[in-house]
There are 2 protein chains.
Amino acid sequence: MLQHHCKDCQIKSAAASNLNKEEFEILETNSAQVAFKKGETIFKEGALSLNVAYLRSGIVKVHMHGPTREKILRIVKAPSYLGIPITFGDKINQYSATAIEDTSVCFIDSNYFRNFIYSNGKFAYEIIVELCKNELKDYQKYTSQSQKQIPGLVAETLLCISETIYNNPRFNFPLTRNEFGDMVGTSRESVSRALSEFSSEKIIEINGKEITILKKDILEKISKNG
Amino acid sequence: MLQHHCKDCQIKSAAASNLNKEEFEILETNSAQVAFKKGETIFKEGALSLNVAYLRSGIVKVHMHGPTREKILRIVKAPSYLGIPITFGDKINQYSATAIEDTSVCFIDSNYFRNFIYSNGKFAYEIIVELCKNELKDYQKYTSQSQKQIPGLVAETLLCISETIYNNPRFNFPLTRNEFGDMVGTSRESVSRALSEFSSEKIIEINGKEITILKKDILEKISKNG
DNA sequence: CAACTCATGTGATTAATATCACATAATTAG
DNA sequence: CTAATTATGTGATATTAATCACATGAGTTG
């Protein structure tokens, strides 16, 4: 457990901003900050869920076993809670989280986290807001994925990664082609072909892992039309 | 607004069970019970979300516009909250709810609902648990839908409707074939073909809207293997 | 740095599903 | 009760994407 001072943490969650001095002391003595290297597992499907994980820095993939392959549910960028649902929705983790860049995670004993919900209404409210926003985002993605064809899904994913994770039209795509496939529910070959197509049409530029979005408007159109 | 007494309501939510006498009085004066006939819209995508909807009785489909067609996100059976996320995740409804059987819904002014979260930790906690459980269920379904093929999806849906909605191997399927397609992300023809196939193999029996699951074990195998 | 292993791109083939077309059944409206 | 509308089933065809096969490339490890 690294020494840390939650009260002075510069990257508190919206919920934690509502904690008072005493609650911060409780948080501090019942949480642990852990560093993960790229590729390391933060928590694993099937294990007991005893902690709430708060992602302080880095990027993480949230994923679960599917009927035929792994499914990447979302890419999470710090700062954000990582799976409150696995803590309060079930006793056993229903999904895993793996660092796709070096990350720092605070694990909070879920009993104390629960007590904050009981005793601090503003804290609870912010947690609810975060859960609600996630659900809405998930439903959007869910709907897209069941209706769009592969070029649309690949375009959507590129835009999403560019805009919500890197805020930059040029970025290092953090997943392998195989994982990209796991994310949109298709094979690595199909992803590869869609990317090649976009590249040959000068909509994007590919340099290994580095992708540059050249024509955002066209990519948006492809994403929208499926 | 129908006259009603929330305190004595026999079908309170887990969250509402934690409200005290005063809170029930507030709830009573700031909520309205409304009856909906089959097919009527309970709330609509795009409208302002000013109320939390609590489904007291009946069955509802929750759905949203997708890129190419409507998407049915879930079938909800009473008693259950209907879309807390639309109230606290955004100011505008991101999805609609439509009665697929006659229903009774309590609309609760979201400002008062929010106050309960602020002031009653156990209420807030139960809301969080419900949101978390929904997220886990959604992720499971989400993963299935992006990996299984149509027979697997149709089998999964039949089992789900049979077990979680009707608790009976024989039931009146509450959706048209088209809506069934909207639910699993496929065309009505493909759903129809899968059902015919199951029927000719004596796995199910179809009598118009009435479906009987004859061989649950085989249906489960089809569902599991995709 | 050489030998592996893993990741990627791409052509050929196969399989799954969408779409179209149409007949028929069920439901709704007048 | 009849006409109109909507829902359903099913064959034929077209489209899409999966799978297989293989070459190349990049990164890793001894």
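Note that these values count all heavy atoms, side chains included, but never hydrogens, waters or copies made by symmetry. To find a chain, count down the sequence lines: A is the first, B the second, and so on, and within it residues start at 1.
- Taking only side-chain nitrogens and oxygens, A/Ser190 never comes nearer than 4.0 Å to OP1 or OP2 of D/dA17.
- A donor-acceptor contact closer than 3.5 angstrom is absent between the side chains of A/Ser199 and A/Ser196.
- With no hydrogens or angles considered, no side-chain donor-acceptor pair links B/Lys77 and B/Thr164 at under 3.5 Å.
- Using a 4.0 Å heavy-atom cutoff across all strands shown, B/Ile150 reaches sugar-phosphate atoms only and no base atom.
- The separation between A/Arg177 atom CZ and D/dT24 atom C1' is 15 Å, rounded to whole Å.
- Side-chain contact of B/Lys44 with B/Thr98: a donor-acceptor pair under 3.5 Å is absent, judged by distance alone.
- A straight line from CD1 of A/Ile206 to P of C/dG9 spans 6 Å, rounded to a whole angstrom.
- Rounded to whole angstrom, the span from the CZ atom of B/Phe173 across to the C1' atom of D/dT8 amounts to 14 Å.
- Annotation for A/Pro174 and A/Ile100: closest pair CB-CD1, 3.7 Å, computed over non-hydrogen atoms.
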Review point. Taking protein heavy atoms under 4.0 Å as touching, what does nucleotides 25-30 of chain C look like 5' to 3' if B marks base contact, S marks sugar-phosphate-only contact and - marks none?
Key: ------
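- Residue B/Thr176 is classed as a sugar-phosphate contact, given heavy-atom separations below 4.0 Å to backbone atoms only.
- If you measure from atom CZ of B/Phe180 to atom P of D/dG9, you get 11 Å, rounded to the nearest angstrom.
- Centroid-to-centroid, the aromatic rings of A/Tyr81 and A/Phe113 come within less than 6.0 Å.
- Contacts of B/Ser196 with the nucleic acid, taken as non-hydrogen atoms under 4.0 Å apart, involve only primed sugar atoms and P, OP1 or OP2.
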Exercise for review: Begin from the C-alpha positions of A/Arg74 and B/Tyr139 and carry the test side-chain hydrogen bond (donor to acceptor under 3.5 Å, both in side chains) through to its verdict.
Suggested key: CA-CA 10 Å; A/Arg74 47 198 193 111; B/Tyr139 278 168; 3.0 Å; yes
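- When the side-chain nitrogen and oxygen atoms of A/Thr186 are compared with OP1 and OP2 of D/dA18, one or more of them lie within a distance under 4.0 Å.
- With rounding to whole Å, A/Ile222 atom CD1 is found 14 Å from D/dT16 atom P.
- Rounded to whole Å, the distance from CD on B/Gln149 to C1' on C/dT14 is 13 Å.
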Restricting to nitrogen or oxygen on both sides, can you table the protein-nucleotides 20-22 of chain D pairs closer than 3.5 Å?
unit_1	atom_1	unit_2	atom_2	d
D/dC20	N4	A/Glu189	OE2	3.3

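- Under 4.0 Å is where a charged nitrogen must lie from a carboxylate oxygen, and between B/Lys216 and B/Glu163 at least one such pair does.
- For A/Glu197 and D/dA17, the CD to P distance is 11 Å, given to the nearest whole Å.
- To the nearest angstrom, C1' of C/dA18 lies 15 Å from CG of B/Leu153.
- Contact between B/Gly208 and B/Arg177 at its shortest, heavy atoms only, is O-NH2, 3.7 Å.
- Side-chain contact, A/Lys91 with A/Ser49: no donor N or O sits under 3.5 Å from an acceptor N or O.
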